[in-house]
Amino acid sequence: MIEVTGLTKRYGRTTVVNNLTFTVRRGEIIGFLGPNGAGKSTTMNMLTGYTAPTVGTVRINGYNLLDAPEKAKTAIGYLPEIPPLYMDMTVDEYLKFVFGLKNCKFPRKEHLDEVCEVVRITHVRHRMIRNLSKGYRQRVGLAQALINDPQILILDEPTVGLDPKEIVEIRNLVRTLGQTRTVILSSHVLSEIQAICERVIIINEGNLVADALTEDLARSAAANSRYIVRIAAPEDQVVPVLSAIPGMLKVEIQGVMEPGTVDVLVEAEKDVDIRRALFETCAKRGWYILVITPVGVSLEDIFLQLVDQTSSKKDDSPLTLDGASESPAGETEKDETEEEDEGE
Ligand code: ADP
């Protein structure tokens, strides 16, 4: 349904998206993940025809976006990072305006009623967009993307700047929309991708560094080398004794959950099954192991690992992973002299 081949974007001498190739099938919900400045927005702008690639092609339902832009674009609803809203219009005026822009052939009243119902903005249709909360503006942004009933939805960081309740609502909405459509959703927030997307494409510095099912990615790196162990043992001896086991990387006290015991996080070298040695060591000292719980490596760990392995600058500022602080590093870095403004 979407075929991306060798997609590359250069601004002057800087390559911001480098030779991306991937395919998105009908009905998939794909997470497009990467740290700020990785090239997510630039890629989305190319997928939607807002920006022309320097090299490479995008095909939507078989139509090349450059050769047959109208045919290709009718299949896409796009919610850019900054929704294209007119603050001085009411929601209703704005949606009618977009309906006209998209040259939509559905019966207007019924179609807009339906779209407003889906994103639950029916009760604010008469209100000025400027007076709406950020969450509602985002819903209006989604509504405009849904006009003309596109099969593909491309959503650029749809929950940025929303409060936690709004984030949950928008995520649920995206999930619902994904039941009947193909969705590509960009985010730098891992938990978001994990919660919504079945497949994840990770880019770093414009390069594709992973393309995998979300659960496979999480499972592959898990390798069961980390455990929380509850041991009936003297707290002060646990760390030195367990740290001495060959293959042990880390032993960290987690706290006391049960009187007379201590919970420790142990981490072994990859592919070392530390459980037997752990048992023997404890048995020798008469320490009882009461619980062993494997702790999988989180998607976040894998993401950081991948980004770290593929970064040219190792001393980069920390990545924003929790969505709490938004540092639009990408925007401030933009080189004014190379600014290209390619509208539709
Ligand atoms: P992301 O969406 O992953 O945060 P972007 O696609 O916005 O990343 O940006 C990727 C890189 O491309 C950044 O370093 C940014 O500064 C640069 N960039 C984006 N747009 C332009 C432009 N119009 N001119 C020059 N550089 C740009």
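In what follows, every heavy atom counts, from backbone to side chain, and hydrogens, waters and symmetry copies are set aside. The structure presented is a predicted model; accordingly, all values stated were derived computationally and were not measured. Atoms within a ligand are numbered from 1 in the order they appear, just like the ligands themselves.
The Ala38 neighbourhood of ligand 1 comprises atoms 1 (P), 3 (O), 8 (O), with distances under 4.0 Å to a heavy atom of that residue. Listed by number with element, the atoms of ligand 1 under 4.0 Å from a non-hydrogen atom of Asn36 are 4 (O). Residue Pro35 has at least one heavy-atom neighbour below 4.0 Å for each of these atoms of ligand 1: 3 (O).
With a heavy-atom cut-off of 4.0 Å, Val16 touches ligand 1 through its side chain alone. Neither the backbone nor the side chain of Ser186 has a heavy atom within less than 4.0 Å of ligand 1.
Between Thr42 and ligand 1, at least one pair of N/O atoms sits closer than 3.5 Å. Ligand 1 has no N or O atom lying under 3.5 Å from any N or O atom of Glu81, backbone or side chain.
Among Gly37, Ser41, Gly206, the residue whose heavy atom lies closest to atom 4 (O) of ligand 1 is Gly37.
Using a distance-only test at 3.5 Å, with no hydrogens or angles considered, no donor-acceptor pair links the side chain of Lys9 to the main chain of Thr43.
Taking all atoms of both residues into account, the shortest heavy-atom contact from Tyr94 to Met89 is CA-SD, 3.6 Å.
In this structure, Gly34 has no heavy atom closer than 4.0 Å to ligand 1.
Taking the ring centroids of Tyr78 and Tyr50, they lie under the 6.0 Å cut-off. Between Phe32 and His188, a ring centre-to-centre spacing not shorter than 6.0 Å is recorded.
Remark: the Gln151 side chain and the Thr182 side chain contain no N/O donor-acceptor pair separated by less than 3.5 Å.
Look at Arg59 and Asp67 and you find no salt bridge, because none of the NZ, NE, NH1 or NH2 atoms lies under 4.0 Å from a carboxylate O.
Partners of Glu258 by salt bridge (Lys or Arg N to Asp or Glu O under 4.0 Å), not counting sequence neighbours, listed by chain and number: Arg230.
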